[in-house]
*Asks:* 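Attaching a single structure in structure tokens format; questions to follow.
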Amino acid sequence: ILASVFSLIIYWLVRDRYRVRNLSGKHVFITGCDTGLGNSMAKWLDKRGFCVIAACTTEKEGQELQSCSSPSLKTLNLNLADSNSITRAVGFVTEETAGKGLFGLVCNAEGTAPVAPTDWLRIEDFHSVLDVNLLGLIEITLKLLPLLKKAEGRVVNLINAKGLMAFVGGGYSLSKWGMEAFSDTLRIEMHHFGVKVSIIEHGFFKAGVVNSDIIEKYLFRLWNGLTPEIRDSYGEKYF
């Protein structure tokens, strides 16, 4: 038992010393780079020599990111709920990688609202989250797989751990559990092609923008749109 434990410790130490070499020319595509984790990651990888392609939801956010990064960092606008936007982004990445393939795909973008008791919601409210967090992630991954296989690259899906707790209704937790299942399946299938698939379940952190106002706005809209029967079953005190 002691020999096994000792061997495992040595394996961990050797594994954790491994670093990717020759970073120059390796392209990494990151979604959700407007603020927070995606924005910080784009800057961090850019400083270490990767060719970063950062997807933002607005042109303004992309320009701000470019202004504090090296000339090799490229930005593009991306709406993961829009297949045409995804197709344009894939075309841009294909052109930028110029036959080298894609070394890394980091999926970080997420929609959160609305979150509310399930019988306050319509199917459209679920789509507004799932179309970005899950279906958009799946679509852009599928379309970039040929580039990832060519470079024997890796997929890294960032999943907020709070999404793995079913503490409120809506599509948020559903999307996170779906991301886990999609990633686990893809990892097994892509192993043959030398493509690595990782999940990072990160905890709570302050990204500089608090979306509580947005969530509250949605709650008021949903509450005011309920039938008298449903509203009375919950009561004003609950709201």
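By convention here, the first residue in the shown sequence is residue 1.
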*Asks:* Determine whether a donor-acceptor pair (N or O, by modelled atom type, separation under 3.5 Å) exists between the side chain of T97 and the backbone of T94.
*Replies:* yes
*Asks:* For atom CD of E201, decide whether the heavy atoms of other residues, nucleotides or ligands shown that lie under 6.0 angstrom number more than 12.
*Replies:* yes
*Asks:* Write down the atom of D46, the atom of S70, and the distance for their closest heavy-atom approach.
*Replies:*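 D46 and S70 have their closest heavy atoms at OD1-OG, 2.5 Å.
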*Asks:* Please assess T57 against N77 for the test side-chain contact (heavy atoms from CB on, under 4.5 Å), listing each intermediate value before the final yes or no.
*Replies:* CA-CA 5 Å; T57 55; N77 291 353; over 6 Å; no
*Asks:* Are K149 and F193 in a cation-pi contact, defined as NZ or CZ under 6.0 Å from the six-membered ring centre and within 45° of the axis?
*Replies:* yes
*Asks:* Just to verify, what does R187 make a salt bridge (Lys or Arg N to Asp or Glu O under 4.0 Å) with, not counting sequence neighbours?
*Replies:*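 Residues passing salt bridge (Lys or Arg N to Asp or Glu O under 4.0 Å) with R187: D184.
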*Asks:* Quick one: pull up CG in L135 and CD1 in I140 and give me the separation to the nearest 0.5 Å.
*Replies:* 13.5 Å
*Asks:* If we ignore hydrogens and angles and just use 3.5 Å, is the side chain of N108 paired with the main-chain N or O of G32 as donor and acceptor?
*Replies:* yes
*Asks:* Give a yes or no on whether the backbone of I53 and the side-chain of H27 come within a donor-acceptor separation of less than 3.5 Å.
*Replies:*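 Pair absent, no side-chain N/O of H27 close to backbone of I53.
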*Asks:* Using only atom types and a distance under 3.5 Å, with no angle test, would you say the side chain of N39 pairs donor to acceptor with the backbone of C33?
*Replies:*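 Yes, because the side chain of N39 sits within donor-acceptor range (under 3.5 Å) of the backbone of C33.
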*Asks:* Check whether any side-chain heavy atom of F50 lies under 4.5 Å from a side-chain heavy atom of S72, and answer yes or no.
*Replies:* no
*Asks:* Is any side-chain heavy atom of L121 less than 4.5 Å from a side-chain heavy atom of P114?
*Replies:*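 L121 vs P114: side chains touch.
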*Asks:* Using 4.0 Å as the upper bound for N to carboxylate O, is an ion pair formed by D125 and R122?
*Replies:* yes
*Asks:* Kindly say whether the aromatic ring centers of Y234 and W223 come within a distance under 6.0 Å.
*Replies:* no
*Asks:* Taking atom CG of L45 and atom CG of L73, what is their separation to the nearest 0.5 Å?
*Replies:*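 Here the interatomic distance stands at 9.5 Å.
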*Asks:* Rounded to the nearest 0.5 Å, how far does NZ of K150 lie from CG of L102?
*Replies:*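 L102 atom CG to K150 atom NZ measures 12.0 Å (nearest 0.5 Å).
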*Asks:* Just so I know, are the side chains of M190 and K196 near enough to count as touching, which here means a heavy-atom distance under 4.5 Å?
*Replies:* no
*Asks:* For T31, give me all partners under side chain to side chain donor-acceptor pair (under 3.5 Å), at least two apart in sequence or on another chain.
*Replies:*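 Side chain to side chain donor-acceptor pair (under 3.5 Å) check on T31 returns nothing, list empty.
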*Asks:* Output yes when a side-chain donor or acceptor of R221 lies under 3.5 Å from a complementary backbone atom of K217, and no otherwise.
*Replies:*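 No.
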*Asks:* Does CZ belonging to R17 count more than 12 external heavy atoms closer than 6.0 Å?
*Replies:*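 12 or below, so no.
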*Asks:* Return the set of residues passing side chain to side chain donor-acceptor pair (under 3.5 Å) with S83 (not counting sequence neighbours), or none when no residue passes.
*Replies:*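 S83 satisfies side chain to side chain donor-acceptor pair (under 3.5 Å) with E139 once adjacent residues are dropped.
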*Asks:* Keeping K26 on the side-chain end and C51 on the backbone end, is there a donor-acceptor pair under 3.5 Å?
*Replies:*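 Judged by distance alone, no pair lies under 3.5 Å.
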*Asks:* Begin with the C-alpha distance, continue with both residues' side-chain angles, and end with the deciding distance and a verdict on side-chain contact (heavy atoms from CB on, under 4.5 Å) for F92 and K74.
*Replies:* CA-CA 10 Å; F92 183 88; K74 309 293 183 183; 4.1 Å; yes
*Asks:* Examine distances only and state if a side-chain atom of S173 and a backbone atom of M165 form a donor-acceptor pair shorter than 3.5 Å.
*Replies:*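 It does hold such a pair.
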*Asks:* Answer whether the closest heavy-atom distance between the side chains of V195 and R154 falls below 4.5 Å.
*Replies:* no
*Asks:* Side chains of L130 and L174: closer than 4.5 Å at any heavy-atom pair?
*Replies:* yes
*Asks:* So, taking the atom named NZ in K43 and the one named OG in S69, what distance separates them when rounded to the nearest 0.5 Å?
*Replies:* 6.5 Å
*Asks:* When rounded to the nearest 0.5 angstrom, what is the spacing between CD1 in I230 and CG in L222?
*Replies:* 11.0 Å
*Asks:* Quick one, N133 with S175, criterion side-chain hydrogen bond (donor to acceptor under 3.5 Å, both in side chains). Give me CA distance, side-chain angles, the key distance, then yes/no.
*Replies:* CA-CA 6 Å; N133 288 8; S175 70; 3.1 Å; yes
*Asks:* Checking E95 against V93 for the side-chain contact (heavy atoms from CB on, under 4.5 Å) test, could you report, in this order, the C-alpha distance in whole Å, the side-chain angles of both residues, the deciding distance, and whether it holds?
*Replies:* CA-CA 5 Å; E95 185 177 337; V93 173; over 6 Å; no
*Asks:* To the nearest 0.5 Å, what is the distance between CD on Q66 and CD on E61?
*Replies:* 12.5 Å
*Asks:* For the ring pair F239 and F220, is the centre-to-centre distance below 6.0 Å?
*Replies:* yes
*Asks:* Can you tell if the side chain of L145 reaches within under 4.5 Å of the side chain of L142, non-hydrogen atoms only?
*Replies:*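 Yes, side chains in contact.
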*Asks:* Would you name the heavy atoms of I159 and L164 that are closest together and state the gap between them?
*Replies:* CG2-CD2, 4.4 Å
*Asks:* Minimum heavy-atom separation for D34 to T58, with atom names?
*Replies:* OD2-N, 3.6 Å
*Asks:* For a quick test of reading the model, state the closest non-hydrogen atom pair linking L137 to C107 and the distance between them.
*Replies:* CD1-CB, 3.4 Å
*Asks:* Would you indicate whether the side-chain heavy atoms of D131 and D82 approach each other to under 4.5 Å?
*Replies:*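 No; the side chains remain at least 4.5 Å from each other.
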*Asks:* Does the side chain of L158 reach to within under 4.5 Å of the side chain of H202, using non-hydrogen atoms?
*Replies:* yes
*Asks:* Kindly determine whether F29 and V106 satisfy side-chain contact (heavy atoms from CB on, under 4.5 Å), including the steps that lead there.
*Replies:* CA-CA 6 Å; F29 179 48; V106 182; over 6 Å; no
